[in-house]
Amino acid sequence: MIISWNTTNACNLFCQHCYRDAGVKATDELNTKEGLALIDEIARAGFKIMIFSGGEPLLREDIFHLVEHAVKRGLRPVFGTNGMLIDQTVAEKLKKSGAAAMGISLDSADPARHDRFRGFEGAWQGAVDGMEACRRAGIPFQVHTTVVDWNYDEIEAITDFSVKVGAMAHHLFFLVPAGRGADIESESLRTERYEKLLERIMKKQGQVNIELKPTCAPQFMRIAREMGVRTRFSRGCLAGTAYCIISPVGNVQPCAYLNISAGNVREKPFSEIWKDNPMFNRLRTMEYTGGCGICQYSKICGGCRARAFFYHDDYMAEEPWCLYRTSVVGGLSSE
């Protein structure tokens, strides 16, 4: 099981798609003592991988202490970061504290395009420099790319760049309209392009020796099976079933893009929220409606629950941009 803690709302960038609408630190973020207690609860709940994210997690002064505590509790600490704050000193501190891997964002092979999307000139170079610092420090890293319509044609080029710089994986996050991402909803990939890109990614997987993982595009599980591509993953959408997030102020959500609170860790222990919350238990039934409810691939795909909520106001509804539709008698159609 995987959990992500948005450790802070503070960020040194202003990305167009940010689901957290990050920038300024929230006034009531969990402090160090609360963070340590939260890590204890996460371990108690049975989670194995803990993602430190944000905002920008490296803006927290206590981040190395928190990572060390996660290691002591048997968790595998990894990061989601823009990479700009990872110089060689920071990389060495991360290595010493026990950080197992870094996920560094890179949205284009073209520095200018990446910088525009991230709202800061020099963001691309800062990310690449952060990757190099990790490589020298011996910290495995992977490249994270947000997929939108304007970088649709360069995804394979970003994968090739990831291989070139020594990344262990390239994870592709298909845009979900949440936070500032809702302002650029029109840049989301629709049905046919959504499907075609997943096919391209699965084809590319057979050509490179690093892991390619579409995220927030759970249909890749169906496509991988149809194309005979082997993957270590067993399910697409994990929201509320084997994954959740905790906001900077302690709210627990099924995923980063499904902004519905299941409770706050200041009011109830996280392990109890994870076990007993009605929303999580409903998600675990996998009793979806619409196309997802009758789809033969629902158990391995699950559809994106956050998109279902955004477009249908129901997190159990069908995924709106999935090309695949199974009727009562079966078949494939495009809507």
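Keep in mind the model is a prediction, meaning the values are calculated, not measured. We use all heavy atoms of the structure for the numbers below, so side chains are in, but hydrogens, waters and symmetry mates are not.
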List the steps, then state whether ring-ring contact (aromatic ring centres under 6.0 Å, His included) holds for F174 with W321. CA-CA 11 Å; F174 283 54; W321 301 126; over 10 Å; no
Apply salt bridge (Lys or Arg N to Asp or Glu O under 4.0 Å) to residues K203 and E156 and explain how you reach the verdict. CA-CA 10 Å; K203 180 180 178 180; E156 290 90 343; over 6 Å; no
Where do R136 and E132 land on the salt bridge (Lys or Arg N to Asp or Glu O under 4.0 Å) test, with the steps shown first? CA-CA 6 Å; R136 289 196 299 265; E132 176 60 19; 3.2 Å; yes
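Looking only at distances, no side-chain donor or acceptor of E319 sits under 3.5 Å from a matching main-chain atom of G291. Side chain of E41 to backbone of S271: a donor-acceptor contact under 3.5 angstrom is found. The main-chain N or O of V208 is never found under 3.5 Å from a side-chain atom of D160 such that the two would form a donor-acceptor pair. Of the possible polar contacts, none joining the E187 side chain to the D149 backbone as a donor-acceptor pair under 3.5 Å is found. Checking side-chain atoms of R73 against main-chain N and O of I42 turns up no donor-acceptor pair under 3.5 Å. Panel note: side chain R180, backbone C15; a donor-acceptor pair is recorded below 3.5 Å. Between the side chain of Q253 and the main chain of I245, no donor-acceptor pair closer than 3.5 Å is present.
Under a cut-off of 6.0 angstrom, the local environment of NZ in K25 is sparse, with at most 12 non-hydrogen atoms contributed by other residues, nucleotides or ligands. The environment of CZ in R235 is crowded: more than 12 heavy-atom neighbours from other residues, nucleotides or ligands sit within 6.0 Å. Within a 6.0 Å radius of NZ in K93, other residues, nucleotides and ligands contribute 12 heavy atoms or fewer. Counting non-hydrogen atoms of neighbouring residues, nucleotides and ligands closer than 6.0 angstrom, the CD atom of E121 reaches no more than 12 such neighbours.
Under 3.5 Å, the side chains of S105 and N82 contain no donor-acceptor pair of N or O atoms. Side-chain atoms of E56 and T8 include no donor-acceptor pair closer than 3.5 Å. Between the side chains of S108 and E154, at least one donor N or O sits under 3.5 Å from an acceptor N or O. Neither side chain, N9 nor E29, offers a donor N or O lying under 3.5 Å from an acceptor on the other. A donor atom on one side chain and an acceptor atom on the other are not found under 3.5 Å apart for D107 and N151.
Test T215, I201, L197 against V147 for side-chain contact (heavy atoms from CB on, under 4.5 Å) and you get one pass: L197. For the ring-ring contact (aromatic ring centres under 6.0 Å, His included) criterion with H17, the lone passing option out of W150, F117, Y257, F173 is F117.
Of all the heavy atoms in F52 and V67, the pair that sits closest is CE1-CG2, 3.9 Å.
Using a 4.0 Å cut-off between charged nitrogen and carboxylate oxygen, K196 and E192 do not count as a salt-bridge pair.
Taking the side chain as every heavy atom from C-beta outward, F310 and V176 never approach each other to under 4.5 Å.
Between F270 and F47, the ring-plane angle classifies as tilted under the 30° and 60° cut-offs.
Distance CD1/I300 to SG/C295: 8.5 Å, rounded to 0.5 Å.
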